[in-house]
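Have a look at the structure below, then the notes.
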Amino acid sequence: MLPPVPAPTGPFSTKEKAAVYRAIHTRRDVRSQFTPRPIEEAVLMRLLDAAHHAPSVGFMQPWNFIVIRDTEVKAQMQTAFARANAEAVAMFPADRRPVYSALKLEGILEAPVNLCITCDRERAGPVVLGRTHNSEMDLYSTVCAVQNLWLAARAEGIGVGWVSIFREEDIRTVLDLPDHVVPVAYLCLGHVDALHEIPELEAKGWRKRLPLADLVFADRWGRKNDPAISESVTS
């Protein structure tokens, strides 16, 4: 086998960098803005290809993509969500429940495509390079695939919403998942005409974005960074 030939590297052009950061900063969790317009097959395959090019520990590529268009399957997943969401309401303090109940937290039936991204925990065998001391690295790798898809979707004008309020056994039952396959993300995908300028949960008063300067430590946990650096990440 010939040694790999290194590819040219270096910073992107100013326009290319701006596009990358725009995708990052304007990405939103979409729940209610989906249009009925179908996603073109070529666009969907580009999104899946972007996800498939995510980094994975040991190059194990543990993901699979279940593309869901069937209305009956969507209905079953929406029922599973509704059951779990009713349980979730009771977990919050009484004063937060009205706010929680007013939030729309899924677009399962409205989105033209639902997508379940899974992690096959047996994909690369019992011993995987890079996972020898942290067995969760395959799950983390799969989350990278989710993020890749989400940013590519933003660039394509496709909205994505992550629905996480499910009992895992319900997802397994509806989608016939094998025991060794873990559902990592259940996503709703569809064209959108507009997105919130700030995250919807922030706009509706659920939480605010934390200041980056409060989250950056120097060398050890809790040690505040250089004041000049802290000031620069705040601005």
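No experiment lies behind these values; they were computed from the predicted model shown.
Side-chain contact between V73 and L175 is present, with at least one heavy-atom pair separated by less than 4.5 Å. The shortest distance between side-chain heavy atoms of N64 and V181 does not fall below 4.5 Å. Using a 4.5 Å cut-off on side-chain heavy atoms (C-beta onward), N148 and H52 make no contact. Considering only heavy atoms from C-beta on, R83 comes within 4.5 Å of T79 through its side chain. Counting heavy atoms from C-beta outward, E110 and S32 have side chains that stay 4.5 Å or more apart. Contact annotation: the side chain of R96 approaches that of W206 to within less than 4.5 Å [non-hydrogen atoms, C-beta and beyond]. Using a 4.5 Å heavy-atom threshold, the side chains of K74 and I68 count as touching.
Heavy-atom contacts from other residues, nucleotides or ligands closer than 6.0 Å to CG of D95 number more than 12. By the 6.0 Å contact criterion, CD on E16 is enclosed, its count of non-hydrogen atoms from other residues, nucleotides or ligands being greater than 12. More than 12 heavy-atom neighbours from other residues, nucleotides or ligands sit within 6.0 angstrom of CZ on F92. Around atom CG of L129, no more than 12 heavy atoms belonging to other residues, nucleotides or ligands sit under 6.0 Å away. Within 6.0 Å of atom CZ in R97, more than 12 heavy atoms from other residues, nucleotides or ligands are found, so the atom counts as buried in its surroundings.
In this structure, the side chain of Q61 engages the main chain of F59 through a donor-acceptor pair within 3.5 Å. Between the side chain of R154 and the backbone N or O of A23 there is no donor-acceptor pair closer than 3.5 Å. Between the side chain of D29 and the backbone N or O of W162, at least one donor-acceptor pair lies under 3.5 Å. Checking side-chain atoms of W63 against main-chain N and O of V143 turns up no donor-acceptor pair under 3.5 Å. Here the side chain of R131 pairs no donor or acceptor atom with the backbone of E136 at under 3.5 angstrom. Between the side chain of R46 and the main chain of A152, no donor-acceptor pair closer than 3.5 Å is present. No donor-acceptor pair closer than 3.5 Å links the side chain of R37 to the backbone N or O of F34.
Taking all atoms of both residues into account, the shortest heavy-atom contact from P36 to P112 is O-CG, 4.2 Å. Taking every heavy atom of both residues into account, A111 and C188 meet most closely at CB-CB, 3.6 Å. The two residues L149 and A51 come nearest to each other via the heavy atoms CB-CB, 3.9 Å. When every heavy atom of V57 is checked against every heavy atom of M137, the shortest pair comes out as CG2-CE, 3.3 Å. Nearest heavy atom pair, residue I165 against residue L105, reads CD1-CD1, 3.6 Å.
With values rounded to the nearest 0.5 angstrom, T173 atom OG1 is found 10.5 Å from E168 atom CD. Rounded to the nearest 0.5 Å, atoms CE (M45) and CZ (F65) are 9.5 Å apart. In this structure, the separation between CG on L187 and CD1 on I66 is 11.5 Å, given to the nearest 0.5 Å. Between the NZ atom in K224 and the CG atom in D214 there is a gap of 5.0 Å [rounded to 0.5 Å]. Atom CZ of residue R28 and atom CD of residue E197 lie 8.5 Å apart, to the nearest 0.5 angstrom. Between the CD atom in E106 and the CE atom in M77 there is a gap of 10.5 Å [rounded to 0.5 Å].
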Would you check, one step at a time, whether the test side-chain contact (heavy atoms from CB on, under 4.5 Å) holds for H191 with I158? CA-CA 5 Å; H191 285 278; I158 303 295; 3.4 Å; yes

Residues V182, R172; criterion side-chain contact (heavy atoms from CB on, under 4.5 Å); working and verdict: CA-CA 8 Å; V182 175; R172 291 186 170 281; 4.1 Å; yes

Is there a side chain to side chain donor-acceptor pair (under 3.5 Å) between Q33 and H196? Walk through the geometry before answering. CA-CA 9 Å; Q33 298 104 312; H196 291 284; 3.3 Å; yes

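The cluster map of Ile, Leu, Val, Met, Phe, Trp and Tyr, joined by side-chain heavy atoms under 4.5 Å apart, puts L210 and V216 in different clusters. L47 and V160 fall within a single hydrophobic cluster, where Ile, Leu, Val, Met, Phe, Trp and Tyr are joined by side-chain heavy atoms under 4.5 Å apart, directly or via other members. Linking Ile, Leu, Val, Met, Phe, Trp and Tyr residues whenever their side-chain heavy atoms come within less than 4.5 Å leaves I198 and I24 in two separate clusters. A chain of hydrophobic side-chain contacts below 4.5 Å, direct or via other Ile, Leu, Val, Met, Phe, Trp or Tyr residues, connects I117 to L48. Transitive grouping of hydrophobic side chains (ILVMFWY, heavy atoms separated by less than 4.5 Å) brings F81 and Y186 into a common cluster.
Classification of R123 and D138 as a salt-bridged pair fails, no side-chain N sitting under 4.0 Å from a carboxylate O.
Every residue two or more places apart in sequence or in another chain that forms a side-chain hydrogen bond (donor to acceptor under 3.5 Å, both in side chains) with E41 is listed here: R69.
Checked options D70, V163, I108; the residue passing with N114 is I108 (criterion: side chain to side chain contact (heavy atoms under 4.5 Å, CB included)).
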